[in-house]
Structures are given as C-alpha cells and as structure tokens.
2 protein chains.
Amino acid sequence: MKDFSVRDQVQQAAVELFATKGYANTSVQEVVEAAGVTKGAMYHYYRSKDDLLFGIYERLLTLQQEHLDEIIGRGMPVAETLRAACVDVIETSIEYLPEGTVFFRSMHMLSPDRHDEVVRRRRRYNDDFVALIERGQSEGVFRTDIPRAVLMAHFFSDIHYLSQWYNPSGPESGTEVAEQITELFLDSLTTGVTS
Amino acid sequence: MKDFSVRDQVQQAAVELFATKGYANTSVQEVVEAAGVTKGAMYHYYRSKDDLLFGIYERLLTLQQEHLDEIIGRGMPVAETLRAACVDVIETSIEYLPEGTVFFRSMHMLSPDRHDEVVRRRRRYNDDFVALIERGQSEGVFRTDIPRAVLMAHFFSDIHYLSQWYNPSGPESGTEVAEQITELFLDSLTTGVTS
DNA sequence: CGCAAAAAACCGACCGCTCGGTATGTTAGC
DNA sequence: GCTAACATACCGAGCGGTCGGTTTTTTGCG
C-alpha cells in the first residue's frame with residue numbers, strides 16, 4: 001500500500017517553504033529535506049526547480065477554472081451566479097492559502113514561457129468573470145457608471161490580498177469571510193441601481 | 001552644479017529593475033550598470049543590497065504616513081476624512097507604482113529586523129485607518145454588520161492590487177481611478193445605513 | 001509459480017557558475 | 001596630505017543541476 005507519492009510530498013513541502021520563506025530564499029536542498037527525500041529523487045520527478053513552482057500554479061489554475069465553469073454551467077440568474085462564483089473563489093483561495101501566497105508573489109520567478117501560460121489562463125478566468133458583470137449590466141442589475149476593468153480589479157484584489165491578512169486559526173471561518181467580502185462587493189456593484 | 005546624486009540614481013535604477021525582474025533576479029551588477037555607476041560607488045553609499053531594498057520601503061512608508069497624518073489633522077467630518085485618505089493613498093500608490101510592486105512582492109527578502117520594522121510601521125498606518133472606520137461606526141455613518149478587519153482588508157486589497165492591473169498609459173487617469181475605487185469602497189461601507 | 005531481465009525509483013557526491021561583498025587602489029578638492 | 005568619492009580586481013559561499021551508480025519493482029516467459 002503506497003504511503004504518499006514522493007511527487008506530492010515534495011510539492012507539499014515546496015508550497016509550505018515557498019510561502020513562508022519565498023521561492024528565491026528556499027534551496028532545493030531545503031525542500032527535499034523537508035519532504036524527507038533526496039535531491040536525486042526530486043529531480044527524478046521534476047526537471048527543475050521551476051517545474052516544481054509551475055506545478056503549484058497549474059494545480060490552482062485548473063481547480064479554480066473548473067469551479068467557475070461548473071457554477072456558470074448551472075444556468076442561474078446572473079446575480080446569483082456571480083454571488084456563487086465570488087463566494088467559491090474566496091473559499092477556495094482560503095483553503096489553498098499557501099498556494100495563493102506563492103501564486104501572487106512568485107509569478108516573475110517562472111520561466112518566460114511558463115509565465116506566459118499562467119498569464120493566459122489567468123486572463124481567461126478573468127474574462128469569464130467580466131462576462132458575468134457585462135450580462136448583469138445589460139440586464140440592468142449592476143451599475144454601469146464605473147469601468148468594468150475597475151469593477152473587476154476591485155474584486156480580484158480581495159482574492160490577491162487574502163493570504164496577506166486572513167488567519168485560518170482566527171475567529172472567523174473561511175465561509176463567513178467569503179460571504180462578507182462577497183456582500184461588500186455586490187453591495188458596491190448594485191449601488192445606485194433601481195431595483 | 002550637481003547632476004543627480006549617485007544615491008538617487010542607484011535607487012531609481014534599483015526600483016525599476018526590482019519591479020520588472022524581481023529583487024532576487026536582479027544582480028547588484030545590473031543595478032549599477034543601469035544607474036551608470038560602478039559597484040564600488042554603490043557600496044560606498046549602501047552597505048548591502050538589502051539596504052538598497054529597504055530604502056524603497058522607507059521612502060514609501062514615510063511618505064504615506066505623512067500624507068495620512070496631514071489629512072486626519074485637517075479635522076474634517078469622518079466620512080470626508082476617510083474619502084480624502086482613500087483617494088490620496090490610491091493616487092500616491094499610482095504615482096509610485098514600481099515602488100508598490102516591489103513593496104508588496106519583496107517584503108520577505110528583507111532581513112528579519114528590517115522586515116519587522118516595515119510590518120510595524122505598516123501596522124500603525126493600518127490602525128490609523130481602522131480608527132477612522134471605528135469613529136464612523138460610532139457616529140452611525142458606517143455599517144457595523146461586518147468585522148472591521150474585513151472592511152479594512154477590503155480596502156487595502158485595492159492598494160495592493162493596483163500595480164498588478166493599472167496601466168498608467170491607459171485611458172484612465174490616476175485620479176479618476178482613485179475616485180472610482182474610493183466610491184466603490186464607500187458605497188459598500190455605507191450600504192444598509194439609514195442616513 | 002520461479003526467476004531473470006528490464007525498467008523505474010532513488011541516491012549523494014560533485015561541478016560550474018553566479019553573485020553579494022570586500023580589499024586595495026586611484027583621483028580630486030580643500 | 002588628508003579625506004571623501006569613487007574604480008577595479010578579486011574572493012568564496014551557496015546554488016541548481018548532473019551523473020554514475022545502486023536498489024526496488026514490474027514484466028515476461030517457461
């Protein structure tokens with residue numbers, strides 16, 4: 001019976017270390033020691049340190065895009081869809097808080113092509129969200145006096161910032177915070193709209 | 001007539017390079033070449049690469065704290081004070097966009113004591129803002145159904161995120177964006193409050 | 001099943017190189 | 001001639017990555 005795959009052990013240790021010490025300040029040696037394996041073993045599964053880093057991005061990008069696709073696929077009214085999407089992405093980001101820290105802090109450490117792929121996939125995710133806002137605007141439920149880019153940035157900024165302030169062992173659960181932030185965003189998004 | 005001080009030239013080049021390539025990926029050699037000086041000159045003015053980085057933090061922290069103190073010192077009504085403070089910090093952050101990029105991305109590259117000082121001073125800045133919200137709540141002009149920590153994070157996230165999306169050569173001026181974001185924040189902050 | 005051959009997993013000493021930092025000049029103004 | 005302001009040559013720690021080899025697991029065949 002297989003314990004835990006070396007691949008996963010290494011990635012887990014890497015996420016933890018990269019999040020606390022930073023990618024550049026973490027040597028491959030430290031990662032493999034934390035994972036309880038050797039350098040040889042790690043380089044058997046990963047071609048480079050960069051590979052290891054990209055794996056973290058890959059995982060988060062795939063997960064969140066899948067979630068978003070599923071929520072949009074439900075075919076609910078646009079306001080409910082957006083609310084569900086917002087709550088979900090915040091909850092997920094809290095669940096993967098160390099990954100988020102690395103994600104937003106270490107993008108420029110990726111090799112150029114990897115970096116481009118992350119930007120591409122992130123943009124697609126962003127565009128899917130913007131499309132929701134656009135729909136809501138044309139249906140008259142969201143305000144139109146502020147550029148969509150600003151509205152979108154206003155929300156994504158919350159995701160970005162989560163790993164900087166949220167404390168999982170604090171008094172508030174992830175779900176609570178997710179709903180509070182979503183509430184704030186939707187309140188500002190619907191201000192001035194006559195219902 | 002003194003051209004531009006070597007100190008400033010070096011810091012300027014450093015900010016630019018740290019923002020685009022990242023602190024860890026920028027060698028001291030590259031910095032001094034971009035600044036048009038030599039390594040010897042740089043190490044005459046800075047004790048270490050860390051010193052150079054800290055200088056960027058020092059500058060931004062001092063500037064923003066001074067601005068905030070000044071605005072609070074005007075003694076306006078709390079809602080107006082908060083609005084002015086929000087607009088100002090966004091405008092300033094846009095003016096110092098590369099500094100902001102470095103600020104939020106490279107904090108963990110600072111030496112532990114420097115890191116602690118930045119956290120300390122940042123916390124003071126944060127607390128000054130929270131005090132404004134608290135005042136507004138006790139005066140009944142801001143909502144009280146969401147924890148202050150969440151409200152505050154919701155705004156600071158916008159500052160954080162600015163360098164990730166705002167394009168100074170785009171169609172919107174810094175002031176416009178500053179007012180739009182502030183509007184969104186204040187709208188969400190005053191939702192549900194009977195005026 | 002038995003067992004050898006092949007493949008996958010893993011080890012760890014080692015290497016080339018980069019980079020922050022220093023030591024030792026050299027120049028110019030007072 | 002003394003100090004501040006640089007320039008140049010150099011150092012060595014630490015890093016990512018490699019590579020020859022060993023152990024463990026899987027496969028194939030009688």
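Chain A is the first sequence line, chain B the second, and so forth, proteins listed ahead of strands; every chain is numbered from 1.
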Enquirer: Would you kindly give the NZ-to-C1' distance between Lys21(A) and dC15(D), to the nearest whole Å?
Expert: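 Rounding to the nearest Å, NZ of Lys21(A) and C1' of dC15(D) are 13 Å apart.
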Enquirer: Which of these nucleotides, dC15(D), dG21(C), dC10(C), is closest to any side-chain atom of Ser27(A)?
Expert: dC15(D)
Enquirer: Whole angstroms only, please: what is the OH-P distance between Tyr43(B) and dT24(C)?
Expert: 18 Å
Enquirer: Output the rounded distance in Å from CZ (Phe54(A)) to P (dG16(D)).
Expert: 20 Å
Enquirer: Output the rounded distance in Å from CG (Leu53(A)) to P (dG16(D)).
Expert: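 Rounded to the whole Å, the gap is 12 Å.
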Enquirer: Looking only at the side chain of Thr38(B) (C-beta and beyond, no hydrogens), which of the listed nucleotides dG21(C), dG16(D), dC6(D) gets closest?
Expert: dC6(D)
Enquirer: Just by modelled atom types, is the Arg7(A) backbone N or O under 3.5 Å from a matching donor or acceptor in the Tyr46(A) side chain?
Expert: yes
Enquirer: To the nearest Å, how far apart are Tyr46(B) OH and dA5(D) P?
Expert: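 Taking atom P of dA5(D) as the reference, OH of Tyr46(B) is at 14 Å.
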Enquirer: Over how many whole Å does the gap from Asp51(A) atom CG to dG17(D) atom P extend?
Expert: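 So the two atoms are 9 Å apart, to the nearest Å.
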Enquirer: Can you name the one residue among Arg114(A), Arg121(A), Arg120(A) that meets side-chain hydrogen bond (donor to acceptor under 3.5 Å, both in side chains) with Glu117(A)?
Expert: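 Option passing the side-chain hydrogen bond (donor to acceptor under 3.5 Å, both in side chains) with Glu117(A): Arg121(A).
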Enquirer: Report the distance from atom CG of Asn25(A) to atom P of dG20(C), rounded to the nearest whole Å.
Expert: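 These atoms are roughly 12 Å apart.
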Enquirer: Need one value for Lys39(A): base, sugar-phosphate or nothing, where a base atom within 4.0 Å counts as base even if backbone is also close, heavy atoms only.
Expert: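 Counting heavy atoms under 4.0 Å across all strands, the contact made by Lys39(A) includes a base.
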Enquirer: So, are Glu80(B) and Arg74(B) salt-bridged, with charged N and O less than 4.0 Å apart?
Expert: no
Enquirer: For Arg7(B) and dA5(D), what is the distance between atoms CZ and C1' respectively, to the nearest whole Å?
Expert: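 My rounded result for the distance is 14 Å.
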Enquirer: If only side-chain N and O atoms of His44(A) are considered, is one of them under 4.0 Å from the OP1 or OP2 phosphate oxygen of dC10(C)?
Expert: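 Answer is no, no contact under 4.0 Å.
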Enquirer: From Phe155(A) CZ over to Ser157(B) OG, what is the distance, rounded to the nearest 0.5 angstrom?
Expert: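 Taking CZ in Phe155(A) and OG in Ser157(B), the distance rounds to 10.0 Å.
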Enquirer: Mark yes or no for whether Tyr57(A), through its side chain, and Val102(A), through its backbone, hold a donor-acceptor pair below 3.5 Å.
Expert: yes
Enquirer: Nearest to the Lys49(B) side chain among dG17(D), dG21(C), dA7(D), which nucleotide is it?
Expert: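 For the Lys49(B) side chain, the nearest candidate turns out to be dG21(C).
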Enquirer: Tell me whether the OP1 or OP2 atom of dA4(D) has a side-chain N or O from Tyr45(B) closer than 4.0 Å.
Expert: no
